[in-house]
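Residue numbering restarts at 1 for every chain, and letters A, B, ... go by the order of the sequence lines. These values consider heavy atoms only, across backbone and side chains, with no hydrogens, waters or symmetry-generated copies.
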Protein chains: 2
Amino acid sequence: MGASKTEHFTEKQNQIATIAKALGHPARIAIIEYLLKVNECICGDIVNELPLAQPTVSQHLKELKNAGLIKGNIEGNAICYCIDETTFDVLKGYFSNIIAVTKNQKCC
Amino acid sequence: MGASKTEHFTEKQNQIATIAKALGHPARIAIIEYLLKVNECICGDIVNELPLAQPTVSQHLKELKNAGLIKGNIEGNAICYCIDETTFDVLKGYFSNIIAVTKNQKCC
DNA sequence: TTTTAATATAGCAATATTACGATATAGTTT
DNA sequence: AAACTATATCGTAATATTGCTATATTAAAA
């Protein structure tokens, strides 16, 4: 197959999985970390930073944007990208809950 | 291609990406949530819970285990699975830092 | 208006993932 | 030992992802 059976899972489960999936590639983690370092930048800056071609970086940016992890603002002919905190908050909250619940459990 | 250029990124970046990737599928999120609900269980319980065949569930469990997100203890002929808090702590810490840094930044 | 700059999209090849049926493995029960 | 239970592994088909070159798009600059 290759296709996930998304329809069998809850909306929340699919949401978390989608966000996690977007972070499931080292290049996209590197992009997030670069944005964290420089606050905001344009696609070309990332191309200069990473060992990837411009279309590849553009594609990774698209996926991060679709997942809500970054925002992009048009500034002239360039696009200014930066981290979208909101979605990271969702993740943090989700994992905090897992940890909180697990703390009270005994593992086999 | 299809292969990630893992060698170009830091160990930490690859580590986070690997963990996130393991969570990047709704079935694996569903497994985590089920474990959270029942504390611990065997593979067969998950097979009864999810609309997936036994080998598929087994494969998902393997990936979660490889990523360090769950632990498996042999109990007779069954294997008792439960959440491994440690790895979730790594993620939570990583995202907390991103949020903390981003809070002091101005987005474009 | 032509050129330059910055991104995005199309198309493609290589590889990875997902899911399952069939089967193997390992422990338990009878 | 034979049957049963629980899980893992093999093999495979369908689909998704990754990364690139070539090209399109859009806006600024000359």
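Between the CG atom of Asn66(B) and the C1' atom of dA8(D) there is a distance of 13 Å, given to the nearest Å. Per the geometry, CD1 belonging to Ile42(B) stands 12 Å off P belonging to dT5(D), to the nearest Å. Rounded to a whole Å, the CD1 atom of Ile29(A) is 12 Å from the P atom of dT18(D). Between the P atom of dT25(D) and the CD1 atom of Ile79(A) lies a distance of 16 Å, rounded to the nearest Å. Remark: C1' of dT5(D) and CG of Asn48(B) are 13 Å apart, rounded to the nearest angstrom. Separating the CD atom of Glu40(A) from the P atom of dA6(C) is a distance of 16 Å, rounded to the nearest angstrom. Going from atom CG of Leu64(A) over to atom C1' of dA8(C) covers 16 Å, rounded to whole Å.
Counting heavy atoms from C-beta on, the side chains of Asn73(A) and Ile79(A) never come closer than 4.5 Å. Side chains of Leu91(A) and Leu23(A) form a contact here, defined as non-hydrogen atoms less than 4.5 Å apart.
With sequence neighbours left out, Glu40(A) forms a salt bridge (charged side-chain N to carboxylate O under 4.0 Å, His left out) with no residue at all.
For residues 38-89 of chain A, the pairs satisfying ring pair (Phe, Tyr, Trp, His ring centres under 6.0 Å) are His25(A)-His60(A), Phe88(A)-Phe95(B), with sequence neighbours left out. Residues in residues 57-108 of chain A take part in these disulfide (SG to SG under 2.5 Å) pairs, two or more places apart or across chains: Cys82(A)-Cys107(B), Cys107(A)-Cys82(B).
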List the protein contact pattern of nucleotides 24-30 of chain C with one symbol per nucleotide (5' to 3'): B for base contact, S for sugar-phosphate-only contact, - for none; contact means a heavy-atom distance under 4.0 Å. ---BS--
Where protein sits on nucleotides 17-22 of chain C, one letter per nucleotide: B base, S sugar-phosphate only, - none, heavy atoms under 4.0 Å: BBBBBB
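In this structure, a donor-acceptor pair under 3.5 Å is absent between the side chains of Gln15(B) and Tyr94(B).
For Asn39(A) against Lys106(B), the heavy-atom pair with the smallest separation is OD1-O, 3.0 Å. For Leu69(A) against Ala22(A), the heavy-atom pair with the smallest separation is CD1-CB, 3.8 Å.
In this structure, Leu61(B) reaches neither bases nor backbone, as no heavy-atom distance under 4.0 Å exists between it and the strands shown.
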Donor-acceptor pairs are to be reported for all side-chain atoms of residues 45-58 of chain A against protein atoms at under 3.5 Å, with residues two or more places apart or in another chain.
unit_1   : atom_1 : unit_2   : atom_2 : d
Asp45(A) : OD2    : Ile42(A) : N      : 3.2
Asn48(A) : ND2    : Gly44(A) : O      : 3.3

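At the phosphate of dA6(D), neither OP1 nor OP2 sits under 4.0 Å from any side-chain N or O atom of Tyr81(B).
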